[in-house]
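Here is the structure we will look at, set down as structure tokens.
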Amino acid sequence: MEVTVKTAQQLRLTEQEFELIKEKLGRTPNFNELCAFSGMWSEHCSYKNSIKWLKTLPREGGRMLVKAGEENAGLMDIGGGLGVVFKIESHNHPSAIEPFQGAATGVGGIHRDIFTMGARPIASLNSLRFGNLDEDKTQHLLSGVVHGIGHYGNCFGVPTVGGEIYFDECYHTNPLVNAMSVGIVKAGETVSATALGKGNPVMFVGSATGKDGIGGASFASADITAESTQELPAVQVGDPFQEKKLLEACLEVIQTGAVVGMQDMGAAGIICSTAEMSAKGEVGMRIDLDKVPTRQNNMKTWELLLSESQERMLLVAEKGREEEVIKVFTKWDLPCSVIGEVTDDGILNFFMNGELEASLPAHELVLGGGAPQYDREYSEPKYFADIKKFNPDTVEVPEDLKSIAEQIVSLPSISSKRWVYNQYDSMVGTNNTSTNAPTDAPLVIVKGTTKALAVTTDCNSRYVYADPYKGAMIAVSEAARNIVCTGGQPLGVTNCLNFGNPYDPEVYYQFIHAIKGMGEACRKFDTPVTGGNVSFYNQNPDGPVYPTPTIGMVGLLEDVNNKMTLDFKEEGDVILLIGYSNNDINSSQYLAKICGVDLSPAPHFELEEELKLQQKITELINKNLIESAHDVSEGGLFVTLLESAFHRNLGFDVVAADYNIRKDAQWFGEKQSRVVVSVKAGKLKEVKAAIGDHPFEELGVVTSGSVEVDGMEWGTIESWKEQYDTAIENFLSKEEAGSALSSI
Amino acid sequence: MKFGVVVFPGSNCDRDMYDALSYDLGQEVSMLWHKDKDLSKFSTEDCIILPGGFSYGDYLRCGAIARFSPMMQSVIEFANEGGKVFGVCNGFQILCESHLLPGGLLRNANQQFICKNVFITNETEKIYKIPVAHGEGRYYADEDTLNELEANGQILFYYCDEKGNKTEASNPNGATRNIAGICNANRNVFGMMPHPERACSPVLGNTDGQEIIRTMLMERQLVL
């Protein structure tokens with residue numbers, strides 16, 4: 001088959017990239033080689049349109065044990081000879097087409113990134129975005145994605161401890177499915193994704209290779225269109241049982257000491273794992289593709305190179321110790337075969353039945369090597385002008401605040417996600433302390449120590465849309481605030497940058513300004529970005545999604561007994577708001593969903609004010625002065641109070657002190673850097689002394705169950721809880737009723 | 001007495017069970033690989049545990065394949081000789097598939113996996129808060145079997161609400177007669193869907209499971 005620029009374009013490479021490939025090789029590539037470049041130089045693998053900006057993020061320092069991007073996931077020191085390994089990754093495109101498998105394999109892929117480094121995953125989180133919940137399509141996607149995450153995670157046996165879900169029109173065609181995994185590794189037991197040592201065997205372990213997921217990496221590097229459903233074969237199929245065995249076998253094989261390096265096969269399958277491991281070790285490989293176990297006959301070279309069949313690992317072992325490796329995988333009934341060896345010339349030579357089918361310099365294929373890096377143009381989005389025009393005075397303060405509050409509590413983005421999380425095994429592993437004692441960030445113990453990890457995913461993309469720079473700072477700040485409110489010290493960040501098409505200058509503007517804001521906030525909190533994932537092309541003919549730079553953050557508690565919970569403890573405790581309120585209703589759920597104003601600036605936020613707030617909260621927790629802490633986020637102060645009251649069926653009697661603040665801003669505004677705490681009445685004086693000159697407000701007291709706001713009776717906590725708990729279920733039961741009717 | 005925890009390739013509550021027995025209850029525990037058969041170091045005073053998880057992937061009926069594993073042949077023999085066997089969740093499913101316990105576990109009534117704290121009670125009317133986590137936990141048996149189980153006092157636990165009422169709303173999976181766990185007529189084989197091992201560690205804020213394991217398996221004091 002003759003390879004031309006047209007072939008390249010069909011493989012989603014540009015004309016310039018095709019020329020560059022010819023230049024690098026000194027010849028025209030054959031079809032197999034071109035396929036290899038197509039996978040490796042896809043946006044998904046090469047980060048070609050993002051890497052220049054990603055490098056501006058704080059990528060080292062603190063407790064980091066490997067530099068960002070050097071390994072499959074971030075690795076940070078938590079003391080006591082232990083490290084935490086964590087990463088977040090997107091599986092948006094597959095989930096848009098096939099929500100169940102798309103989400104399931106997203107979970108599988110991120111766990112492999114963790115255990116390929118020698119760590120045992122102990123917690124999993126996710127961050128999901130869908131369109132409006134009253135749409136059939138959204139309900140189909142939501143139930144498919146939730147089912148997929150549960151199916152894979154529950155069987156694999158890692159608790160799904162937290163996450164976030166928002167519903168907004170912009171995600172109707174392009175849902176976002178970001179999965180995060182957190183693992184623990186002992187010092188000295190980490191494995192690098194590096195191939196070393198001429199003559200060392202290259203081994204293939206795990207599931208047999210099929211034709212599923214071919215071209216997945218390049219599929220994820222294009223917009224979603226009506227034709228996208230024809231890309232179904234680009235969606236992978238997951239087998240969590242196989243992955244569970246792979247996990248145990250990989251951790252066991254590391255103990256033999258015979259492993260030189262290991263990398264999971266994710267995007268772009270064999271070509272990516274061989275290229276990245278070789279490039280990092282500055283070696284080459286000779287691979288006999290006919291030795292790769294397949295589950296379909298007559299697979300072609302390019303199919304074998306690009307297949308994204310799940311639950312597979314590439315492993316380089318010490319020569320002569322193959323049998324030790326094979327023994328472990330045989331114990332776990334997993335295929336394991338030697339498919340080649342490490343060479344010293346930097347070239348990947350792929351053979352099929354003795355014939356050389358592709359010959360590629362590993363270095364030229366990879367990010368940081370020959371893969372192109374682009375500067376994209378950017379320009380300020382036109383909608384910014386409308387945002388600037390917003391005048392809050394045009395929004396009348398409603399008379400009946402209680403009825404507004406009821407509508408807010410029933411918004412799917414605000415209300416309880418129990419329909420979702422009850423489908424996830426959140427307790428397997430017996431390490432999740434938040435089941436019985438809710439915390440702002442889910443808290444998992446590190447068994448065998450007194451330590452615990454507070455883990456969270458956060459991003460309010462409405463804020464980022466309104467102001468990419470400030471919105472990204474808020475995302476980082478909220479993650480850190482959740483960890484601080486749990487009693488933890490924020491350690492580091494993994495990010496999942498979900499944006500539209502990078503060739504759109506307005507999208508690119510959002511991207512670089514979000515990066516700038518994220519970098520500034522991460523430096524402020526001393527939480528380096530340890531790695532992550534960029535997902536562009538979350539776009540369809542109607543436009544891009546809101547810029548959604550999801551922050552996954554991990555924090556440390558040296559002693560789990562010093563944790564702070566979010567629930568009010570006892571009637572009579574005094575409720576304080578640390579931080580000050582103002583007249584801000586900008587970009588609140590109230591303004592967007594109740595008043596129907598989509599375009600307004602991001603809420604008030606100052607980085608320095610946020611840091612001081614967090615330091616104050618840490619001080620109050622360390623001095624053992626407060627009973628609960630819960631930050632004010634979506635839905636505003638009233639929702640925060642409810643959430644603190646629900647767990648023990650307590651109520652609250654609160655009065656806003658400042659009459660200059662409009663009532664809707666007071667109770668539903670989303671001005672940042674505020675935390676609701678409760679304290680024993682007897683400690684109030686001491687607490688106030690500790691708060692010092694940091695702004696705060698005494699809101700009222702915890703009651704036995706009645707809810708009173710500004711002197712008015714707002715019912716009982718039970719009735720609020722009922723509304724909060726059942727809102728999403730009510731949306732979905734309408735669909736079930738509808739489909740039952742249609743089947744009659 | 002000592003405990004043995006069977007490890008199937010897809011077991012994922014095996015280590016949790018080990019931790020609960022070993023660290024929270026101070027018991028002697030060893031792990032038993034599914035391909036092995038040797039139970040010679042266990043006497044009938046000891047207890048073999050089938051933990052939760054997805055034994056062999058459970059793509060067929062849960063526990064249907066595990067029943068045929070080498071270790072299960074020995075466990076069945078051990079049970080028939082009077083040895084104590086306790087199955088939790090997937091372990092309960094395996095015990096039913098192995099016919100060591102009557103009835104079976106069907107897909108949850110709402111067709112969804114369910115993970116949450118539930119309340120269970122028994123004839124002592126003591127109420128325990130214990131987590132469930134399963135997709136196929138709806139206990140089912142024919143009427144005669146159910147009547148016999150109840151007449152013999154073989155129902156270990158019923159789902160109930162916080163106050164001990166066996167209501168429909170407190171039944172997480174639609175189990176017949178709110179049944180959460182049963183034992184055999186000889187009272188040496190026990191199975192339950194809720195996970196007592198997840199409610200043993202004080203740091204997790206719920207230790208109700210300790211009492212279940214202690215009284216049922218170690219002291220055999222449950223009113224059965």
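Since this is a predicted model, take the numbers as computed values, not measurements. Just so we're on the same page: letters track the sequence lines, and every chain starts at 1.
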Can you tell me how far the CD atom of E211(B) sits from the CG atom of L25(B), to the nearest 0.5 Å?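 With rounding to 0.5 Å, CD (E211(B)) is 11.0 Å from CG (L25(B)).
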Using a cut-off of under 4.5 Å on heavy-atom pairs, state which of [options] scores highest against chain B.
| options | result |
| --- | --- |
| K244(A), H151(A), M427(A) | M427(A) |
| G157(A), A249(A), C155(A) | C155(A) |
| T433(A), N561(A), L443(A), D239(A) | D239(A) |
| D425(A), T435(A), V146(A) | D425(A) |
| P240(A), A437(A), G150(A) | P240(A) |

Among [options], which residue has the highest count of heavy-atom pairs closer than 4.5 Å to chain A?
| options | answer |
| --- | --- |
| H134(B), R198(B), K116(B), K129(B) | R198(B) |
| V132(B), D19(B), D16(B), N117(B) | D16(B) |
| S201(B), A20(B), C13(B), G57(B) | G57(B) |

Is it the case that the side chain of K2(B) and the backbone of K41(B) share a donor-acceptor pair, with hydrogens and angles ignored and the cut-off at 3.5 Å?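 The answer is yes, because a donor-acceptor pair under 3.5 Å joins these two groups.
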Contacting moiety of Y59(B), where chain A heavy atoms sit under 4.5 Å: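 It is the side chain, since no backbone atom gets that close.
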Using a distance-only test with no angle check, is there a side-chain donor-acceptor pair under 3.5 angstrom linking [X] and [Y]?
| X | Y | result |
| --- | --- | --- |
| N165(B) | T167(B) | no |
| N171(B) | E168(B) | no |
| Y152(A) | H111(A) | no |
| N110(B) | N108(B) | no |

Heavy-atom distances under 4.5 Å only: say whether [X] touches chain B with side chain, backbone, both or neither.
| X | value |
| --- | --- |
| Q423(A) | both |
| V428(A) | both |
| N432(A) | backbone |
| K331(A) | both |

I need the single residue from E252(A), E189(A), E248(A) that forms a salt bridge (Lys or Arg N to Asp or Glu O under 4.0 Å) with R120(A). Which is it?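 Among E252(A), E189(A), E248(A), the one meeting salt bridge (Lys or Arg N to Asp or Glu O under 4.0 Å) with R120(A) is E248(A).
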Would you name the heavy atoms of E97(B) and C62(B) that are closest together and state the gap between them?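 Here E97(B) and C62(B) meet closest at CG-O, 3.5 Å.
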Between K245(A) and D333(A), does at least one N-O distance fall below 4.0 Å, as a salt bridge requires?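 Salt bridge between K245(A) and D333(A), a charged N being under 4.0 Å from a carboxylate O: no.
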